[in-house]
Structures are given as structure tokens and as C-alpha cells.
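Both ligands and their constituent atoms are indexed starting at 1 by order of listing. Heavy atoms only: backbone and side chains are in, while hydrogens, waters and symmetry mates are out. Counting begins at 1 with the first residue of the sequence.
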Amino acid sequence: LRIWQKKWTERHSQVTPDRVEEILKRALKLKGLDQSDVEVLMDIEEPELLEKLFVTAERVKEDIYGRRIVLFAPLYISNYCQNECLYCSFRASNRGLSRVKLSQDEILAETEYLVRQGHKRVLMVAGRSMASKILTNILESIRTIYSVHEDNGEIRRVNVNVAPLDVQGFKYLKQEGIGTYQIFQETYHPETYANSSPCR
Ligand code: SF4
């Protein structure tokens with residue numbers, strides 16, 4: 001959001017062909033870009049520079065992922081949520097939804113089932129809860145998923161989609177060997193965001 005709160009004119013003045021070329025060249029080294037680089041790329045308007053951006057993006061994608069499709073299975077461990085995002089059935093005021101929080105035994109059983117189906121990756125999902133020990137529960141759930149070993153394999157990557165954490169929380173997630181952490185922001189339009197996600 002901070003990217004969009006900067007004045008457009010201020011950002012756009014940084015979009016010169018030389019700067020874009022330099023960023024795209026660095027992108028091809030697959031070491032990542034920082035926020036100021038991304039700001040410049042998002043403000044490109046000239047068709048020629050846009051085309052270079054798309055070509056570079058395709059090469060980066062090919063180098064990192066190749067021509068493969070990676071499947072993952074969602075594993076919802078809790079649909080309790082304190083928030084009120086209007087587009088989401090997990091929102092706290094939705095009284096028509098049965099609330100469930102899986103026990104570790106249930107997570108174990110779900111994981112065994114997924115592994116037997118051949119899954120190697122899961123996306124572990126939980127609503128935003130202020131329940132005490134929520135982080136402890138998340139970490140324990142990751143360990144439970146990784147503990148499953150069946151004849152045809154195990155889960156190699158637990159990706160995580162839970163409420164934002166503090167820095168120490170993210171360090172704990174990393175220690176558990178997660179694949180990726182995901183957080184979605186459905187819109188970058190400040191007013192729409194404020195109206196659709198009146199978070200508490
Ligand atoms: S915080 Fe996530 S789970 Fe909760 S209502 Fe919003 S989108 Fe749904």
C-alpha cells in the first residue's frame with residue numbers, strides 16, 4: 001500500500017530507460033529486487049519498455065519454475081476469525097457458518113489422507129484469531145503435517161496462509177521449514193480496502 005501512497009509524479013520521474021534496463025538486467029540474475037525497483041517497474045507506460053519487462057518476466061519465470069505446474073492441497077485448520085472482510089465467509093459476523101478448529105489428531109488424519117492421494121505440498125490456512133497460543137498452535141500444526149510418512153511419501157512443503165505475524169513470529173515459521181508464507185491483499189485501492197476489510 002505504501003507504494004501507492006507515494007505521489008505518482010514522484011515515482012514516475014524514476015522511470016527512465018536506463019533505470020529500467022538496469023533493473024531488468026539485475027532481475028535476470030534471480031537474486032530478487034527491492035521495493036524501489038518494483039515501484040519503477042510498476043510505473044512503466046512506454047510500450048517498448050513494457051515489452052522488455054514482459055520478456056524478462058517470462059525468462060525469470062522459466063529459469064525458476066520451468067515448464068511445470070505445481071499443485072498444492074489446501075488444508076484448513078481453523079475457520080475462526082475476528083475480522084469482517086465482506087467478501088469472506090469466515091468473517092466474524094457470519095453466524096451461519098459452523099466454526100471448526102482441527103485438533104492435532106485431525107490434522108494428522110487429514111494429512112495422511114492427502115499424502116495417500118499423492119499430494120506433496122499443502123497450503124495450511126487459518127482465519128485470523130486472537131485466541132491465546134495461536135502461534136504455538138500454528139507451529140505445532142506444521143510439525144504435525146511434516147511428521148506424516150506414508151508408503152507413497154510425505155508432505156515436502158508446508159506453505160502457510162495465516163494472519164500477519166511479528167518478526168519473531170516469522171522467524172519461528174522459518175525454523176519449522178515452511179515453503180512460503182502467503183498473505184493476500186485483495187485490493188490496493190485504499191478506499192475499497194477500508195470499506196471491504198473493516199479489520200478489528
Ligand atoms: S481476515 Fe482472512 S479469514 Fe478473516 S474475514 Fe478476512 S479474509 Fe476472511
Q: State plainly whether the residues R59 and E62 are in salt-bridge range, i.e. N to O under 4.0 Å.
A: no

**Q.** Those atoms of ligand 1 less than 4.0 Å from some heavy atom in F90
**A.** 3 (S), 8 (Fe)

Q | Presence of salt bridge, R19 and D37, under 4.0 angstrom | A | yes

Q) Rounded to the nearest 0.5 Å, how far apart are CZ of R99 and CZ of F90? A) 8.0 Å

Q.
Within the 4.0 Å heavy-atom shell around R91, which atoms of ligand 1 are there?
A. 5 (S)

**Q.** For K52, all residues meeting side-chain hydrogen bond (donor to acceptor under 3.5 Å, both in side chains), sequence neighbours excluded
**A.** E21

Q) Hey, is C81 touching ligand 1 through its side chain, its backbone, both or neither, going by heavy atoms under 4.0 Å? A) side chain

Q: Tell me, please, if C88 has any N/O/S atom, main chain or side chain, under 2.8 Å from atom 4 (Fe) of ligand 1?
A: no

Q.
Please state which option from V125, V162, I183, N83 has its nearest heavy atom closest to atom 1 (S) of ligand 1.
A. N83

Q. Using links of under 4.5 Å between side-chain heavy atoms of ILVMFWY residues, direct or through other members, which residues join V60 in one cluster?
A. L28, L30, I64, Y65

